[in-house]
There are 2 protein chains.
Amino acid sequence: MRILKYAILGLLRKGELSGYDISSYFKEELGQFWSAKHSQIYPELKKLTAEGFITFRTAIQGTKLEKKMYTLTGNGERELAAWLTKKDPIPETVKDEFMLKAYFISALTREEADELFTDQLVKRKEKLSDLENSYHELMTSSEDADSFSSPDFGHYLVLTKALERERNYISWLEDILALIKKA
Amino acid sequence: MRILKYAILGLLRKGELSGYDISSYFKEELGQFWSAKHSQIYPELKKLTAEGFITFRTAIQGTKLEKKMYTLTGNGERELAAWLTKKDPIPETVKDEFMLKAYFISALTREEADELFTDQLVKRKEKLSDLENSYHELMTSSEDADSFSSPDFGHYLVLTKALERERNYISWLEDILALIKKA
DNA sequence: GACATCATGTAAGTAGTTACATGATTCT
DNA sequence: AGAATCATGTAACTACTTACATGATGTC
């Protein structure tokens with residue numbers, strides 16, 4: 001698999017980045033669909049360098065803070081392109097702890113189930129609200145983010161997908177809550 | 001975390017099961033939201049036994065095939081109940097390799113993007129069709145699966161959620177494909 | 001008799017998280 | 001001066017996958 005490898009190669013296609021920069025991207029919208037901790041990123045950068053997919057130069061921040069700025073090599077670009085155009089089967093399982101609990105709902109009373117599902121609904125609505133703010137921000141800062149030729153199209157894709165995912169979760173939760181409350 | 005622990009405890013709440021039986025459940029609808037390979041299940045069963053959450057008796061299948069039938073202990077039931085009613089924060093990241101590729105769409109030509117998204121759409125539609133078949137099966141075999149008091153309600157929940165997830169994915173893919181094709 | 005399925009385990013390796021460890025820079 | 005953020009690394013551990021290994025049962 002080694003998907004983190006491709007996540008890093010993909011992020012580097014626009015220019016040089018430090019390990020810290022890569023980590024920051026995973027805290028933004030991309031983090032809705034992929035992320036990694038710095039303790040996983042730094043060793044992966046070392047490995048990708050050894051494999052010849054990326055190289056780095058050492059830059060100085062301020063007077064002595066050293067940071068490594070990584071860039072894609074030709075080999076790295078080809079490796080990325082091969083992965084991007086490859087058609088994978090869709091995964092059988094997308095793990096969701098809340099849905100695992102839902103499967104065991106017969107172990108709960110109606111009141112307990114109502115509480116659990118209501119709590120989930122509240123949290124999903126909060127998240128939707130955050131995503132809607134990000135969406136409005138993107139659409140006001142970028143004129144044509146929803147156009148294939150825009151450099152913001154990838155950003156637009158992950159944001160709209162995350163928005164739809166949350167809206168879909170909320171509407172399902174509301175439907176199920178109605179069934180839970182039905183005498 | 002140890003979510004597999006709770007998945008096993010939850011499956012055992014209805015009666016005794018072998019490791020193989022647990023593995024079979026992960027290949028059915030529950031597998032849409034949680035699964036584990038047998039190489040992870042058997043050691044976990046051993047651990048849960050040592051911790052006193054489950055016990056087993058040895059049963060004979062045929063004339064000499066031994067299998068271990070596991071049941072919940074009182075401690076196991078309490079452990080399960082505590083997890084089931086606990087309200088967790090929603091995860092920041094739900095990993096999706098296709099969406100990671102989507103984020104990097106600016107590295108693809110319009111034709112490549114069209115191919116990638118069309119392939120995903122075809123696969124999602126096939127999966128939706130499978131899930132619809134399972135849904136019709138459930139609804140004909142069980143009169144009131146959509147009622148809180150039905151023993152099939154948990155099954156109904158995972159199936160309807162998986163169905164909605166795929167429908168949502170499909171409609172988003174169709175919207176984006178229209179944008180990709182737009183000159 | 002062959003093949004699919006039932007049944008259980010371990011070994012080795014990869015992926016990912018949490019904790020340990022350090023130090024510089026920027027902003028208030 | 002203190003706090004938040006920038007910046008990089010390793011160690012220990014947990015979670016998960018793939019491969020190795022074996023044997024019985026049921027069905028055609």
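Note on naming: letters A, B, ... go to the chains in the order of the sequence lines (proteins, then strands), and numbering restarts at 1 for each one.
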Verify, without hydrogens or angle tests, whether A:Thr118 (side chain) and A:Asp114 (backbone) share a donor-acceptor contact under 3.5 angstrom. yes

Rounded off to whole Å, could you give me the CD-to-C1' distance for the B:Gln61 and D:dG26 pair? 10 Å

Below 4.0 angstrom, N of the basic side chain to O of the carboxylate: do B:Arg167 and B:Glu164 qualify? yes

Using a heavy-atom distance cut-off of less than 4.0 Å, which residues of residues 8-33 of chain B contact DNA chain D? none

Short side-chain to backbone donor-acceptor contact, B:Arg110 and B:Ile180, under 3.5 Å: yes

Rounded to whole angstroms, how far apart are NZ on B:Lys95 and P on D:dA15? 15 Å

Tell me which residues in residues 40-48 of chain A lie within less than 4.0 Å of DNA chain D, going by non-hydrogen atoms. A:Tyr42, A:Lys46

Mind checking what makes side-chain hydrogen bond (donor to acceptor under 3.5 Å, both in side chains) contact with B:Asp96, not counting sequence neighbours? B:Tyr169

Centroid-centroid under 6.0 Å between B:Phe98 and B:Phe117 rings: yes

How do B:His38 and B:Met1 order along DNA chain C: which one's closest nucleotide is nearer the 5' end? B:His38

The first and last nucleotides of DNA chain C lying within contact of chain A, meaning any atom under 4.0 Å from one of its heavy atoms, run from C:dA15 to C:dT25

Where the side chain of B:Thr93 meets the backbone of A:Gly31, is there a donor-acceptor pair that is under 3.5 Å apart? yes

To the nearest Å, how far apart are A:Lys37 NZ and D:dT14 C1'? 14 Å

Report all side-chain donor-acceptor pairs from residues 45-53 of chain A shorter than 3.5 Å, counting only partners two or more places apart or in another chain.
| residue | atom | partner | partner atom | Å |
| --- | --- | --- | --- | --- |
| A:Thr49 | OG1 | A:Leu45 | O | 2.7 |
| A:Glu51 | OE1 | A:Arg2 | NH2 | 3.1 |
| A:Glu51 | OE2 | A:Arg2 | NH1 | 2.9 |

Start with the C-alpha distance between B:Tyr42 and B:Tyr20, add both sets of side-chain angles, then the distance that settles ring-ring contact (aromatic ring centres under 6.0 Å, His included), and finish with yes or no. CA-CA 9 Å; B:Tyr42 290 115; B:Tyr20 190 89; 8.5 Å; no

Within a 6.0 Å radius of atom CD on A:Glu174, are there more than 12 heavy atoms belonging to other residues, nucleotides or ligands? yes

Test side-chain hydrogen bond (donor to acceptor under 3.5 Å, both in side chains) applied to B:Asp88 - qualifying residues, sequence neighbours left out: A:Lys101

Which residue lies toward the 5' end of DNA chain C, A:Ile3 or A:Gly62, if each is placed at its nearest nucleotide? A:Ile3

Distance, nearest 0.5 Å, that separates CD of A:Glu79 from OG1 of A:Thr73: 9.5 Å

